[in-house]
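Let me begin by presenting the structure, written as structure tokens, before commenting on it.
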Amino acid sequence: MSHQNYGLISIDTGYFVPLQRIDVQVSINGLIASVKSELHYVSDKDENTETVFVFPLDSDAAVYEFEAEIDGKTIVAEVQEKSQAKETYQDAVASGYTAVYMSEADNAGDTFRLKLGNLPAKAAARLTLRYVQEVDVSSDKIGTFMLPRALNPRYVPKCSSQNSPSDASFRIHTIQSGVTYCPDFTMNLNAVIAGGTRMVDLTTKWEFDVLAEKMDEMISSSKQLDNGIDFSIVLHYKGFEQPGVVLETGSADKNNPFLSTDVLMVNFSPNFENLENQVPCEFVIIIDCSGSMMGSRMEKAKETLLLILKSLPVNCKFTIIRFGSRFSSLFLESSKYDENSLKVAMQLQKNLQADMGGTEILKPLENVFKNRLSGCHSRQIFLLTDGAVYNVPELVQLVRKQKNTRVFTFGMGDGCSTELIRDVAKAGNGKATFVKDSDRLQSKVMSVLKASIQSEITDVTLTWSLPTGCTAINVPENVPAIFDGEMFILYCIISGNVEESLFGKSSVVLTGHAGDKTLDYKMNFVLGSKKQTDADNLYPIHRLAAKASLTEMEISNVKESLMVSLSTTTNITCKYTAFVGVDKHSKGIVAKDYMAYLAKNLAMRKKPTERFYGVEERTQTSTSDTCLSSVMMQLIEIQAFDGSWQLTDNFSKILGNTMEQLRRESPVADIDIWATALAVAFLRKNFLEQREEWEMVEEKALKWLSTKTNDGKDVLQEASKILS
């Protein structure tokens, strides 16, 4: 196990440089969050020290600006190729100058490390960074921006070919806890939300309603945060059914080949007709049973597993894998979902414990993939973990090689690795979902289960229709995984002269395949209707597009020089680059390789295999765990695999009646039909707020009822009368 310190630490002693306060400013406009963080430190040492600042950041965040003000002197950092940046830093420190260096941690893209050389004795330091990030939007149009404040230990598997960081200067004095905040500081958060109304202030989050018709109005809020817990801003979007389009014009500096272009951001929720929603699937449920899952996280996982097992379609196969530093599979190969296999799985669910040591994910995944899929089944993997590992690149490449497989990841609790959860889901054409310790895991997993039984949409292409003389280059090159009815964000670089006189109706057509069916969805928009020039020269949409491209390049193992080119051009780090304090007047980086790479793809746009295409003429809800009734879970637990219930003493007690009384009230001869109708009516009457969790349970029951003869009676209506 490799542990992470969090904060500004002296490399020589491993002690923290006292952190006085952190000031965070968050501005959310639509689906984009812009963040400025200022960290104020004061050295209490009597001599100059070299320090390292370690902090977590969402792996999707595009950090584009970093500076340090030390004892009245400001050092602005810029992005360079990593070995070059290290040399620049080391030479400066050796010469007695104060210098800064910052990069992603080795094998941990969601952890940043800043080295600050020659911090003067008794000096004050203010570290400032800016980044932009997309807001995560769920299927029910609820957005979440998370401010990560917990950094969990990174587990290094014995089997991994990846090692912990080799740079000796980053081997900081270790401790045994994952969250390592210094206790004597304050953290102040100020947020400005465009279109925000009806704020709800809770300990670990703010909730806002965001109204589309009020986007020109702002609501702001401030608070001092508690230490060591991730903080979330939850946005209930209302009136955002229509597609959103923003054209961000480029800078006037033609020497910057990326920032001088115009970039279009489009968001929409595609709805495909005739998309099959009950494809034959093999479900593999992989559950983290390491020691850190002990307590409420394991209880959530157990209840979630129960809901999944009871909601699986009757024509599927399934298995359950528990893992820690070892793993154990319920079946040698996925088993047909029937009464016997469900009984075995339910026994495991009841006895699930956090007793399997560390967090080693690679081996259980390799075990899954060594088994071939049978027949027409597609494989749907659910990975639930609260952990973080150093071998994420290995996991990503393993998942990326698989065919007819989707991987849905769930990051549980504060401090979970966003890199692990996001990158594995992207490589597996699935979805990444984060569940904080105060959130409900059950409803989020059930939402993903619904998406998993949709036919996978493959071979997705985009065809743009833009004003004459303009072409579009998709960023990233390959269209990410798409799910029917869910929010989808894409970017494109506009090539050509975008004159205001040319603004007018435009469109993009998304085309793909689901099995042997061809699907398409057309979105019309008016180019220029929301044209904006970034007055502060921050170019958030450009940065997000660049970050999306860098992430795709890393997952796809694109040539290092192309990534360095884009990274240095946009001042956004990647695994091959780093921030370093430099003299702005002597900067000599010219990075045009990436734009040449894009131009090459644009020239090849007529090839059918290419993903770049040119012009063609054509109420707030509670998330507390207290909402989950044990009565609801008891009723779901005794449902049969085919969706039916039986009228037993236990069933009658759950409904608050005697078996004899319920039997007398039955309007049909088949008592199982009556029991099933009663169960559905009971769920509808008592647990409407948790409907998302039992909706698929109900669906199975209704399908079972539809196959039965009800003696001409409306059993559901009769059951509702009895329970009213």
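By the salt bridge (Lys or Arg N to Asp or Glu O under 4.0 Å) test, Lys302 is found to be paired with no residue, residues two or more places apart in sequence or in another chain being considered.
You'll find the side chain of Val475 stays beyond 4.5 Å of the side chain of Glu552, heavy atoms only. For the pair Ile572/Arg543, a side-chain contact is recorded, criterion being any heavy-atom separation below 4.5 Å from C-beta on. Here the side chains of Ser232 and Phe434 are not in contact, with every heavy-atom distance at 4.5 Å or above. The closest side-chain heavy-atom distance from Ile636 to Phe687 is not below 4.5 Å. By the 4.5 Å heavy-atom criterion applied to side chains, Cys416 and Ile421 are counted as neighbours. Residues Lys436 and Lys205 are not in side-chain contact: their nearest non-hydrogen atoms beyond the backbone lie 4.5 Å or more apart.
Between Glu699 and Lys703 there is a salt bridge, with a side-chain nitrogen of the basic residue lying less than 4.0 Å from a carboxylate oxygen of the acidic one. Comment: Arg684 engages Glu698 in a salt bridge, judged by a side-chain N to carboxylate O separation of less than 4.0 angstrom. Using a cut-off of 4.0 Å between Lys/Arg side-chain N and Asp/Glu carboxylate O, Glu241 and Lys141 are scored as not salt-bridged.
In this structure, the side chain of Trp704 does not engage the main chain of Thr676 through any donor-acceptor pair within 3.5 Å.
Using cut-offs of 30° and 60° on the angle between ring planes, the pair Tyr521 and Phe268 is parallel.
For the pairing with Asp60, the side-chain hydrogen bond (donor to acceptor under 3.5 Å, both in side chains) check across Lys547, Lys426, Gln133 returns one residue only, Lys426.
Summarising the geometry of Lys700 relative to Lys310, their closest heavy-atom pair is NZ-O, 3.2 Å, with the distance given to 0.1 Å. Of all heavy-atom pairs spanning Lys522 and Val509, the tightest one is CG-CG2, 3.8 Å. What you find for Asp58 and Pro148 is that their closest heavy atoms are N-CG, 4.0 Å. The two residues Pro540 and Ile32 come nearest to each other via the heavy atoms CB-CG2, 4.4 Å. Contact between Gln349 and Glu303 at its shortest, heavy atoms only, is NE2-N, 4.3 Å.
The stretch residues 395-407 participates, sequence neighbours left out, in no salt bridge (Lys or Arg N to Asp or Glu O under 4.0 Å) pair at all.
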| field | Residues Phe331, Lys336; criterion side-chain contact (heavy atoms from CB on, under 4.5 Å); working and verdict | value | CA-CA 10 Å; Phe331 306 115; Lys336 180 182 177 182; over 6 Å; no

| task | Would you sort out whether Val234 and Trp206 count as a side-chain contact (heavy atoms from CB on, under 4.5 Å), showing the intermediate values? | result | CA-CA 6 Å; Val234 180; Trp206 281 330; over 6 Å; no

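Sparse packing is recorded around CD of Gln242, with 12 or fewer heavy atoms of other residues, nucleotides or ligands lying under 6.0 Å away. Within a 6.0 Å sphere centred on CD of Gln397, heavy atoms belonging to other residues, nucleotides or ligands number more than 12. Other residues, nucleotides and ligands contribute more than 12 heavy atoms inside 6.0 Å of the CD atom of Glu213. Residue Lys214 qualifies as open at atom NZ: its count of foreign heavy atoms under 6.0 Å is 12 or below. Other residues, nucleotides and ligands place more than 12 heavy atoms under 6.0 Å from the CG atom of Asn271.
Judged purely by distance below 3.5 Å, without hydrogens or angles, the side chains of Gln454 and Asp484 never pair a donor atom with an acceptor atom. Remark: the Thr385 side chain and the Asp288 side chain contain an N/O donor-acceptor pair separated by less than 3.5 Å.
If you take CZ on Phe382 and OG1 on Thr433, they are separated by 9.0 Å, rounding to the nearest 0.5 Å.
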